[in-house]
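What follows is a set of notes on a single structure, which appears directly below.
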Amino acid sequence: MFRACVYPVRRVSLIFVLALLVVVPNGWAQDHRNATSEHGVAVSRSVEASDVGAAILEQGGNAVDAAIAIGFALAVTHPSAGNIGGGGFMLVYPGDGRDPAFVDYREKAPLASTEDMYVDGGSRKNHRWVGVPGTVAGFVLAHEQFGTLPWENLVMPAVRLAEGGFVLNSLADALNRALERSENDEFKRVYGKNGGAEAWQASDRLVLSDLGRSLRRIAEQGNDGFYAGETADLLAAEMEQGDGYISKEDLSRYAAVLRKPIRTTFRGNEIFSAPPPSSGGIALTIMLGILEHFDLKSKGRWAPQTVHLIIESMRRAYADRARHLGDSDFIEIPAHLTTKGYARELAASINLRQATMSEKLGPRLTEAEESPETTHYSVIDRSGMAVSNTYTLEQGYGSGVVVTGAGFLLNNEMGDFNRNPGVTNRQGSIGTPANLVVAEKRMLSSMTPTIAVRDGKVVLVTGSPGGRTIINTVLNVTLNVLEFGMSLRNAVDAPRLNMQWFPDRVGFQGVEDPAFADLVKQLTVMGHRVTRGGGGDANSILAKDGTFIGAADNENGGASAARR
Ligand code: GLY
């Protein structure tokens, strides 16, 4: 419903925002969804976490320091996706002449994994679907490479939030729903009010003592506070009692990896984004590469021709994603996918008046279903160093398994692998080998942390949750800013389009808005099936003339942009 009435909502929210405006001592005005500063901005899913990031910047920390602190804080205040028991990606643009870097802390398949371990499917809310967690190793690696403040300073704000507690606000309802569904006793003991016997109220305070102790061990010992010692013992014991696959050897062997980001150009901007094991950067490169062959701006953002071209670029990129992408440490990814020549060929294959039926691009392939429950945050500091970080437990609250005595949730990221090698399913889809399970392989992701740069200076920091819709959300926001020159607020608020090759339909958040009725009609005439859809939570930052503008997405109650 939300995006369909985005324009009326925006008018109402403007009044609301004006009513909430707080004039802070140096004269800057801010509300929770918007922040402007010359000194640095942090935008995340949680007020407390964004404030932690702003405080780290205030203490003289750089964007990476702040990003690490936000990541640990979200593990406390946003338990459905913030984590230390999951994994993700951090893209860093140092802004001082050093090369952009990509910290891959995606989960890995345990050593005991086999290609057909999940052919029987079944519920993913249990120990069997947990991948070896990467978040702590990723943050340690990012700190080693770029951090300036002492490590413990970055973890202690999260320890204080966990041990001192925080007011639940909009989390109360979400947690009540998760507790009602949960069959995990430790989840109920740790996250329930009186062990789950009572429902949480918005004004209640959640204290997470076990998590606080786990975070303390990380603050004191870094990687060894998670991958060895007490936490590793507790995690391995949890796996053993729940028939999970992760061993102490898996934990001790886990390493985050520093990779080269995918780099492309679009309208004079350099775009840095996620390389494999994410599909995001390659798919984004294909889409932008196609679209730069068309003058979208002069047609207008909502011209049927513009929207048609965007949809067709998505269709083609998602077909290649399904056919070719997986963990590049295990499979060969065709080099031509990111070339301008290939994008030109794809652009030429688009019929300007008619939708390409998806099956014309090849037979449908079985792909993993990725959950929309992930979280993205963006940070920039006064020097112009920027961080775009997306991390996840996969489904909301991951596997739903809390490590007994350690207080943190484990992911169920193994569900992001393709599960049916060579099997054709009832819809005629064929399991593709690029993303099949192999021991120690990383599962394909759609997370697309992205930074756009012009003349060496950051222009846009963006990314989103949303499962496979993530890449399209990032494309929507990127085009809104770089092609159509929208303000960041409008770019983030604008209704989004989503087409993923299969199913052959277009998700459009404006589909029920009378303002878009003619557009939808014209798209239908071209052969597009337009339905409700599209989503995300694109907590983003725009840098313009030395000023940083943060915009938290509209889609959730807790989103916050904070400035220093
Ligand atoms: N689990 C969501 C993703 O990796 O894209």
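Keep in mind that the numbers below use all heavy atoms, side chains included, and drop hydrogens, waters and symmetry copies. Whatever order the structure lists them in is the order used to number ligands and atoms, beginning at 1.
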Side chain, backbone, both or neither: Glu413 near ligand 1, heavy atoms under 4.0 Å: side chain

Ligand 1 versus Arg106, non-hydrogen atoms closer than 4.0 Å: side chain, backbone, both, neither? side chain

Does Ser445 reach ligand 1 with a nitrogen or oxygen that is under 3.5 Å from one of the ligand's nitrogen or oxygen atoms? yes

Test your reading of the model: is there a side-chain donor-acceptor pair from [X] to the backbone of [Y], 3.5 Å cut-off?
X      : Y      : answer
Ser273 : Pro261 : no
Asn83  : Ala81  : yes
Asn389 : Gly71  : no

Which ligand 1 atoms does [X] reach within 4.0 Å, using its non-hydrogen atoms?
X      : value
Asp416 : 1 (N), 2 (C), 3 (C), 4 (O)
Met447 : 3 (C), 4 (O), 5 (O)
Glu394 : 1 (N), 2 (C)
Thr374 : 2 (C)
Ser446 : 3 (C), 4 (O), 5 (O)

So do Val76 and Leu215 actually touch side chain to side chain, heavy atoms under 4.5 Å? yes

How close do Thr356 and Asp504 get, heavy atom to heavy atom, and via which atoms? O-OD2, 4.4 Å

Chi angles and distances behind the side chain to side chain donor-acceptor pair (under 3.5 Å) call for Thr374, His376: CA-CA 7 Å; Thr374 292; His376 175 81; over 6 Å; no

